[in-house]
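Please read the structure below before turning to the comments.
What's counted below: heavy atoms across the whole structure, side chains too, no hydrogens, waters or symmetry copies. Protein chains get the first letters and strands the later ones, always in sequence-line order, with residue 1 at the start of each. Computed from a predicted model, the values in this text were never measured in an experiment.
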Protein chains: 2
Amino acid sequence: MESKRSLLVTGAFELFYQKGVHAVGINEVLQYSGVAKKTLYHHFSGKDDLVVATLEYRDQCFYDWLANRLNQAEDGEGKVTALFDALDDWFNDRVEELQPFTGCFFINVSGEYADPDCEIHRQCRQHKQRIALLIAEQLSMFIPDNDSRQVLLDALCILKEGAITLAHVQGDFSAAKKAKATALMLLK
Amino acid sequence: MESKRSLLVTGAFELFYQKGVHAVGINEVLQYSGVAKKTLYHHFSGKDDLVVATLEYRDQCFYDWLANRLNQAEDGEGKVTALFDALDDWFNDRVEELQPFTGCFFINVSGEYADPDCEIHRQCRQHKQRIALLIAEQLSMFIPDNDSRQVLLDALCILKEGAITLAHVQGDFSAAKKAKATALMLLK
DNA sequence: AGAGTTGTAGACCGATCTGTCTACTTTGTA
DNA sequence: TACAAAGTAGACAGATCGGTCTACAACTCT
């Protein structure tokens with residue numbers, strides 16, 4: 001069953017992700033989702049509340065997708081290559097469950113809600129933390145030492161974010177491959 | 001002499017950078033800059049035109065600042081450390097001529113103007129290209145080979161963008177130091 | 001001295017924004 | 001079957017948006 005609420009969240013996410021939050025009005029979301037205005041304000045207290053819901057929705061989608069990809073990979077170097085291969089598929093629109101690539105939703109939204117203490121920005125930060133933790137868990141199998149694992153994790157996260165930016169802003173869709181090559185050099 | 005036009009551009013940039021382009025109205029820019037509305041529309045054809053001008057302004061500021069920092073550095077490894085030391089100063093608000101750090105203006109704006117073919121997004125891409133070229137020139141002194149220089153350049157750009165994202169979205173202001181450590185490992 | 005440019009303050013326009021409300025319909029469940 | 005919850009369409013309100021316009025002042029450069 002597709003509740004009206006989830007219709008709103010998925011519809012709003014697609015529009016927000018593709019055009020930016022402030023560029024999309026409530027009425028456009030309603031028309032796109034085929035839901036009445038009263039229903040929206042029944043489920044959500046306002047636009048910001050809807051934005052929060054889209055962030056949670058995307059967080060879950062993205063996390064599940066990446067976790068699945070990483071779990072399928074072999075231990076060790078395989079985890080690292082799986083990470084950047086996944087990014088490569090994302091950048092080049094080979095992943096159905098993610099929408100057509102328009103950068104990272106959380107980076108984009110952070111740019112629109114710059115105040116680092118507001119709830120929305122905090123939620124973006126939380127997402128990145130969750131993803132970092134996911135990667136850390138995958139590394140723990142073959143790098144038991146905490147310190148050296150943290151150093152590698154930091155490098156992988158920086159490479160990941162950098163690749164996303166190159167792909168989105170620069171339009172360099174081979175950024176994941178370049179980041180992968182760099183990461184593999186680091187492993188030695 | 002501080003022309004009205006430059007008052008508008010610098011004022012608009014500060015507001016756009018701090019709050020996001022779509023979150024700031026024309027009237028707020030006027031009040032902040034202390035300039036009449038007629039004057040704005042005398043110098044610019046509309047808001048988008050003003051946005052373009054702020055992008056050009058920031059491009060010039062940022063380029064000049066970074067070029068200066070890199071020129072002062074010694075050849076070789078010194079160029080790489082200078083790059084990330086500069087970023088570290090930027091993230092931690094030790095650079096007056098750049099405004100209080102709120103991420104990269106061009107990444108933020110790209111999120112709001114997602115269409116990669118529109119003029120504004122194209123301008124963001126151009127800025128990143130200019131910065132990449134600047135770094136490439138600095139590397140050419142001690143890495144004459146084109147191919148291996150390109151590989152290092154790609155890695156440095158990815159690390160740079162990744163560090164910016166970690167600093168802004170995650171609030172990790174030591175991101176530049178981590179990126180620097182990673183870059184130095186790559187040099188060997 | 002006179003003309004043209006650049007500026008000011010702010011009224012005004014139509015459009016669009018978020019959010020409220022009325023009046024009515026569908027639907028699930030006790 | 002009856003009632004409450006969840007839905008519909010859309011008018012409406014108040015604010016703000018980008019942008020135009022009038023009326024007038026200050027400035028430079030013939």
Side-chain angles (χ1 to χ4, degrees), chain A residues 1-57 105 108-109 111-115 118-121 123, chain B residues 1-57 105 108-109 111-115 118-121 123:
Chain A
M1 161 216 168
E2 189 97 37
S3 74
K4 297 292 172 179
R5 188 184 191 280
S6 65
L7 273 178
L8 279 169
V9 172
T10 57
F13 165 71
E14 288 176 25
L15 291 174
F16 289 162
Y17 180 43
Q18 207 155 19
K19 305 183 176 189
V21 174
H22 285 122
V24 174
I26 286 290
N27 293 310
E28 190 179 349
V29 172
L30 296 173
Q31 192 177 4
Y32 186 80
S33 313
V35 169
K37 192 176 272 195
K38 187 80 189 242
T39 308
L40 189 154
Y41 284 97
H42 173 74
H43 288 293
F44 304 98
S45 66
K47 189 185 182 182
D48 277 0
D49 198 23
L50 179 60
V51 173
V52 166
T54 63
L55 288 169
E56 286 168 359
Y57 165 70
F105 187 49
N108 296 350
V109 171
E112 295 198 66
Y113 294 83
D115 177 8
C118 76
E119 191 192 344
I120 289 179
H121 194 114
Q123 211 171 344
Chain B
M1 162 214 163
E2 190 97 36
S3 74
K4 297 293 171 178
R5 188 184 190 279
S6 66
L7 273 177
L8 279 168
V9 172
T10 57
F13 165 71
E14 288 176 26
L15 291 174
F16 290 162
Y17 180 44
Q18 206 154 17
K19 305 185 177 188
V21 174
H22 285 122
V24 174
I26 285 290
N27 293 308
E28 191 178 349
V29 172
L30 295 174
Q31 193 177 3
Y32 185 80
S33 312
V35 169
K37 193 177 272 197
K38 188 77 190 252
T39 308
L40 189 156
Y41 284 98
H42 172 75
H43 288 293
F44 304 99
S45 67
K47 189 184 182 183
D48 277 359
D49 197 24
L50 178 60
V51 174
V52 166
T54 63
L55 289 169
E56 287 169 357
Y57 165 71
F105 187 49
N108 297 351
V109 171
E112 294 199 68
Y113 294 81
D115 176 9
C118 76
E119 191 193 343
I120 288 179
H121 192 115
Q123 210 171 344

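In this structure, OH of Y41(A) is placed 14 Å from C1' of dC12(D), rounded to the nearest angstrom. Distance L30(B) CG to dT20(D) P: 13 Å, rounded to the nearest Å. Per the geometry, CG belonging to L40(A) stands 14 Å off C1' belonging to dT8(D), to the nearest Å. As rounded to whole Å, 20 Å separates atom P of dG14(D) from atom CD1 of I26(A). Rounded to whole Å, the distance from NZ on K47(A) to P on dT20(C) is 15 Å. Atom P of nucleotide dA9(D) and atom CD of Q31(A) are separated by 11 Å, given to the nearest angstrom. The CZ-C1' distance, from R5(B) to dG7(C), rounds to 16 Å in whole Å. Straight-line distance from the CG atom of D48(A) to the C1' atom of dG19(C): 13 Å, rounded to whole Å.
Minimum interatomic distance between V24(B) and V29(B) (heavy atoms only, all atoms of both residues): CG1-CG2, 3.7 Å. The two residues L50(B) and L8(B) have their closest heavy-atom pair at CD1-O, 4.4 Å. Nearest heavy-atom pair, A23(B) versus E28(B), reported as atom, atom and distance to 0.1 Å: O-OE1, 4.3 Å.
Relative to the side chain of T39(A), the nucleotides dG7(D), dG19(D), dT8(C) differ in distance, and dG7(D) lies closest. Comparing dG7(D), dT18(C), dT20(D) by their nearest atom to the side chain of K4(A) picks out dG7(D). Of the candidates dG7(D), dC17(D), dT8(D), the closest approach to any side-chain atom of N27(B) belongs to dC17(D).
Between H42(B) and the phosphate of dT8(C), there is no side-chain N or O to OP1/OP2 separation shorter than 4.0 Å. Checking the phosphate oxygens (OP1, OP2) of dG7(D), a side-chain nitrogen or oxygen of H43(A) falls inside 4.0 Å. The shortest distance between the side-chain N/O atoms of K38(A) and the OP1/OP2 oxygens of dG7(D) is not below 4.0 Å.
Here V29(A) lies out of heavy-atom contact (under 4.0 Å) with every strand.
Considering OG1 of T54(A) and CD1 of I120(A), their distance stands at 8.0 Å, rounded to 0.5 Å. With rounding to the nearest 0.5 angstrom, the CG atom of L55(B) is 9.0 Å from the OH atom of Y113(B).
In this structure, E28(A) and G34(B) both approach DNA chain C, and ranking their closest nucleotides by distance from the 5' end singles out G34(B).
Side-chain to base pairing of K37(B) with dG10(C): no donor and acceptor N or O lie closer than 3.5 Å to each other.
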